[in-house]
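What follows is one structure encoded as structure tokens, with my remarks underneath.
Throughout, numbering of the chain's residues begins at 1 and tracks the sequence. Quantities reported herein were computed from a predicted structural model and do not represent experimental measurements.
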Amino acid sequence: MIDLENMNHAQRRAVTWTGGPLLVLAGPGSGKTFTITNRILFLMEQGTPPEQILVITFTREAAMSMQRRFRELSGGFRPVCFGTFHSVFYQILKNSGVLNNHKILNGSERKKILLPILKRFCTDSEKRTGEALGEDAMMLLSAFSYYKNTLRMEEAAEMAPEEWRPQFGTILQRYEKAVRDDCGLDFDDMLCRCRELLAGNEKLLRSWQARFRHILIDEFQDINPVQYEVVKLLSGGCGNVFAVGDDDQAIYGFRGSEPECLRRFEREYGAEKVLLDINYRSHPQIIRASLAVVAENGDRFSKQLRPSPEREAEEQKEQMEQGKGRKGTASAREESGNRDDFGEGDKKRVKLAAFSEKGEQYDYLAERLRRFLAVGKDGEKCAVLFRTNARMQELAVRLRTEGIPFVMKEKVPNVYEHFIVRDIMAYLLLASGQWDRGLLLRVVNRPSRYVSREAIGRSSGGSLKELISFYETWGRTDTGAREAAEKLRGFDRQLKALGKLPPGLAVSYIRRAVGYEAYLRQTAGNALRFAEWLEVLEWLREDAGRFPDIEKWQEAQEAYGRELKQNGDAKRAEVAGRSSGVGGTEVAGRSSGVGGTEVAGRSSGAGGTESAGRNVGTGEPGSAAAGISLMTVHGSKGLEFDTVIVADCNESVFPHGSLQTKEQVEEERRIFYVAMTRAKENLEFLYLTGTKERPRLPSRFLNPLLKEI
């Protein structure tokens with residue numbers, strides 16, 4: 001039996017709504033999962049058969065959590081249909097007889113199909129054989145995905161690397177043909193083909209419309225135009241759509257998601273609107289600070305969010321104990337050496353800390369996290385959030401070498417496998433006497449020394465000395481060969497100089513004296529990519545500087561790679577043990593709607609919020625339960641932590657890149673807002689001031705907080 005007394009006014013109104021389409025604006029920590037699951041139970045108590053209720057989420061984890069929460073609430077199994085957009089659309093295609101022997105392609109398979117196509121278009125022989133083409137392929141695949149989710153060719157082409165934009169449409173066509181020839185299907189194809197199927201077959205459409213009397217959609221702010229159109233087709237027969245979302249948490253514009261779909265839903269469906277306005281998660285200071293930041297966005301629903309009565313009473317008690325009533329949104333910019341332990345000592349819940357260099361910031365973080373664990377606190381209750389996974393791994397490497405346990409929930413590529421790291425290591429290994437033809441091939445033309453692969457093949461031993469001799473002999477009659485010989489002699493002198501330097505100085509030498517940075521500038525193709533590559537180089541110099549020699553550094557890299565792989569293997573085994581099918585649904589032995597699958601999972605958290613599950617630790621062995629959580633802001637979506645630290649809050653980092661439009665700025669601000677609203681008790685921002693020679697600007701998103709100081 002549904003318990004209406006356990007709900008606040010807004011939750012009760014949403015749960016018992018009977019007037020058709022409803023838009024539920026759910027602020028952070030407002031109990032949206034609690035509201036959705038109770039809404040399902042209410043519909044069933046009102047006579048709706050459970051198999052005619054469809055609940056759509058955006059991730060497998062959210063679907064599993066929602067299913068588990070509903071089963072606990074309802075007291076057992078009910079055949080309500082839970083699934084992600086992709087799993088639901090896939091099952092519609094499959095049950096409609098559209099799919100036969102199609103295989104779903106993963107990211108590496110898609111890249112493998114695209115690369116040969118790009119090589120046929122590429123005129124740069126160096127790029128055809130280097131890693132840059134692989135990076136271009138990943139960017140193009142993202143642009144293809146954007147097109148399939150929005151059907152906007154011009155905007156999708158703008159997301160591609162500049163040199164590929166003129167041929168974008170042609171490359172997409174050839175890629176699609178290659179996928180079809182391979183009997184392949186990617187996730188985005190499911191959306192487009194489902195839309196085409198339902199829009200083009202009225203009889204089939206009516207059948208699916210009759211199948212579902214009520215559609216409930218979680219995280220509606222993340223919906224894209226194609227998903228919106230499919231939902232509109234499916235709901236055409238009844239219009240009973242219960243859309244739950246928050247435009248302030250719309251952070252997937254790069255995938256084609258549009259917060260405008262919330263307004264479109266309100267307008268096209270004639271939907272009423274309910275605001276879940278009580279934040280049960282965060283301390284009042286954190287709520288006020290986050291609202292001050294997101295309020296600077298113009299294109300948003302106006303919301304007056306407030307803390308729970310219990311939280312308000314807690315703050316009042318704190319103020320009385322301090323003997324004065326602090327406003328609460330004030331942040332403390334603390335100087336090095338005068339920082340307290342995560343809010344203990346004073347009750348400032350929102351803080352800022354400035355550093356001159358990134359290394360100093362990492363020193364501070366390492367010491368801060370070590371103290372956090374030393375006083376017996378659970379590491380899983382603390383998260384360090386980053387705008388990108390590359391910066392996240394920079395800290396992960398540092399924590400590992402210092403023995404501070406951590407966990408990374410997201411699947412991330414090994415930062416040491418970045419092509420820049422591999423290039424630098426090739427230089428250092430050659431300089432240390434570890435001669436190898438593959439290492440020579442890797443860097444002999446980075447920067448260009450006019451050396452051909454054929455020449456390396458013709459030199460019998462493949463050594464640098466033999467290669468120089470080969471070009472000197474050939475150079476008697478060829479000017480180009482003489483120039484190559486001179487370049488190779490310079491290369492030999494550089495390697496000898498490198499062999500005498502410690503790793504940190506050696507990286508700087510390769511960057512400047514050898515000309516590797518100039519090579520990257522020439523290869524990058526655009527300013528944004530070059531800036532990102534420079535960040536990798538700068539971090540690599542700092543990382544190398546912590547080791548006495550190349551052998552110790554190489555050992556640390558290999559150990560980090562092994563642990564990262566073990567972490568990934570453990571996660572894959574965990575998933576394989578509990579899930580199957582598209583969208584990660586778990587077969588539970590009973591039919592539960594679309595495709596006959598039921599999802600199950602874990603859930604926790606008061607007020608209807610989800611919290612992070614345990615993962616295998618990377619760092620200290622056996623530290624999964626105690627490890628500090630490192631994740632990107634996107635990876636933290638839907639989670640909550642007692643303490644949140646947001647690192648690298650500087651312009652061009654967070655917000656990320658060079659922002660060209662108002663829409664891009666506002667999405668970056670929403671990402672920042674999501675980071676802030678993960679915090680329950682304490683929130684801290686770290687940023688760099690830079691040096692006199694290289695000053696750095698704090699993130700514009702800190703302005704509302706800096707004004708309070």
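- In this structure, Arg696 has no salt bridge (charged side-chain N to carboxylate O under 4.0 Å, His left out) partners at least two apart in sequence or on a different chain.
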Test side-chain contact (heavy atoms from CB on, under 4.5 Å) on Tyr516 and Leu520 and set out the steps.
CA-CA 6 Å; Tyr516 187 75; Leu520 290 180; 3.6 Å; yes
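- Phe187 CZ to Thr84 OG1: the interatomic distance, rounded to the nearest 0.5 Å, is 7.0 Å.
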Which is it for Asp188 and Phe144 under the side-chain contact (heavy atoms from CB on, under 4.5 Å) test, yes or no, and what are the steps along the way?
CA-CA 9 Å; Asp188 300 309; Phe144 294 168; over 6 Å; no
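- Within 6.0 Å of CD on Glu558 lie more than 12 heavy atoms contributed by other residues, nucleotides or ligands.
- Each of Arg387, Glu410, Lys637, Lys409 was evaluated against Thr632; a single residue qualifies, Glu410, per the side chain to side chain donor-acceptor pair (under 3.5 Å) test.
- The CG atom of Asp189 sits 8.0 Å away from atom CG of Leu105, with the distance rounded to the nearest 0.5 Å.
- No side-chain donor-acceptor contact under 3.5 Å links Asp549 to the backbone of Pro503.
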Would you please test Val507 and Asp543 for side-chain contact (heavy atoms from CB on, under 4.5 Å) and show each step?
CA-CA 10 Å; Val507 174; Asp543 188 54; over 6 Å; no
Check step by step if side-chain contact (heavy atoms from CB on, under 4.5 Å) holds for Val397 and Tyr416.
CA-CA 10 Å; Val397 168; Tyr416 286 124; 2.9 Å; yes
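- The closest donor-acceptor contact from the side chain of Asn149 to the backbone of Ser145 lies under 3.5 Å.
- At least one side-chain heavy atom of Trp435 sits under 4.5 Å from a side-chain heavy atom of Leu440.
- For the pair Glu109 and Lys103, the salt-bridge criterion is not met [side-chain N within less than 4.0 Å of a carboxylate O].
- Counting only heavy atoms from C-beta outward, the side chains of Tyr252 and Glu219 never approach each other to under 4.5 Å.
- Using modelled atom types, one side-chain atom of Ser257 and one backbone atom of Asp222 make a donor-acceptor pair closer than 3.5 Å.
- Separating the CZ atom in Arg546 from the CH2 atom in Trp553 is a distance of 10.0 Å, to the nearest 0.5 Å.
- Side-chain contact between Glu542 and Glu394 is absent, with no heavy-atom pair separated by less than 4.5 Å.
- Note on Glu666 versus Arg669: no salt bridge recorded, every NZ/NE/NH1/NH2 to OD/OE distance being 4.0 Å or above.
- In this structure the side chain of Asn224 reaches within 4.5 angstrom of the side chain of Leu191, judged on heavy atoms.
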For salt bridge (charged side-chain N to carboxylate O under 4.0 Å, His left out), just list the numbers for Lys552 and Glu555, CA-CA rounded to whole Å, side-chain angles, deciding distance to a tenth of an Å, and then say yes or no.
CA-CA 5 Å; Lys552 290 288 191 297; Glu555 288 173 7; 5.1 Å; no
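- Taking 4.5 Å as the limit, every side-chain heavy atom of Glu258 sits out of range of all side-chain heavy atoms of Glu663.
- The distance between the ring centers of Phe85 and Phe58 falls below 6.0 angstrom.
- The shortest distance between side-chain heavy atoms of Phe491 and Pro447 does not fall below 4.5 Å.
- In this structure a side-chain-to-backbone donor-acceptor pair under 3.5 Å is missing from Thr150 to Gly256.
- When every heavy atom of Leu428 is checked against every heavy atom of Ala506, the shortest pair comes out as CD2-CB, 3.5 Å.
- Tyr427 and Gln494 form no side-chain donor-acceptor contact under 3.5 Å, judged by distance and modelled atom types alone.
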From CA spacing to verdict: salt bridge (charged side-chain N to carboxylate O under 4.0 Å, His left out), Arg193, Glu196:
CA-CA 5 Å; Arg193 295 187 66 173; Glu196 293 169 1; 5.6 Å; no
Pair up each side-chain donor or acceptor in residues 166-178 with any protein partner under 3.5 Å, not counting sequence neighbours, and list the distances.
from, atom 1, to, atom 2, distance (Å)
Tyr175, OH, Arg110, NE, 3.1
Glu176, OE2, Lys148, NZ, 2.9
Lys177, NZ, Asp181, OD2, 3.0

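- Rounded to the nearest 0.5 Å, atoms CG (Leu399) and CG (Leu630) are 6.0 Å apart.
- Every residue two or more places apart in sequence or in another chain was checked for a ring pair (Phe, Tyr, Trp, His ring centres under 6.0 Å) with Phe386, and none qualifies.
- With sequence neighbours left out, the salt bridge (charged side-chain N to carboxylate O under 4.0 Å, His left out) criterion links Asp648 to Arg391.
- The pair Glu538-Arg541 counts as a salt bridge, with a side-chain nitrogen and a carboxylate oxygen less than 4.0 angstrom apart.
- Thr401 places a side-chain N or O within 3.5 Å of a backbone atom of Arg398 that can act as its donor or acceptor partner.
- Using a 4.0 Å cut-off between a side-chain N of Lys or Arg and a carboxylate O of Asp or Glu, Glu417 and Arg422 do not qualify as a salt bridge.
- A donor-acceptor distance shorter than 3.5 angstrom exists from the side chain of Arg449 to the backbone of Val443, with no hydrogens or angles considered.
- Taking NZ from Lys496 and CG from Leu430, the interatomic distance works out to 13.5 Å, rounded to the nearest 0.5 Å.
- Judged as a salt bridge (charged side-chain N to carboxylate O under 4.0 Å, His left out), and not counting sequence neighbours, the contacts of Glu155 are Arg152.
- Distance CG/Leu564 to NZ/Lys411: 10.5 Å, rounded to 0.5 Å.
- No donor-acceptor distance shorter than 3.5 angstrom exists from the side chain of His86 to the backbone of Met190, with no hydrogens or angles considered.
- With sequence neighbours excluded, no residue forms a ring pair (Phe, Tyr, Trp, His ring centres under 6.0 Å) with His656.
- Contact annotation: the side chain of His418 never approaches that of Leu540 to less than 4.5 Å [non-hydrogen atoms, C-beta and beyond].
- Using a 4.5 Å cut-off on side-chain heavy atoms (C-beta onward), Val514 and Tyr519 make no contact.
- Panel note: side chain Asn650, backbone Val653; no donor-acceptor pair is recorded below 3.5 Å.
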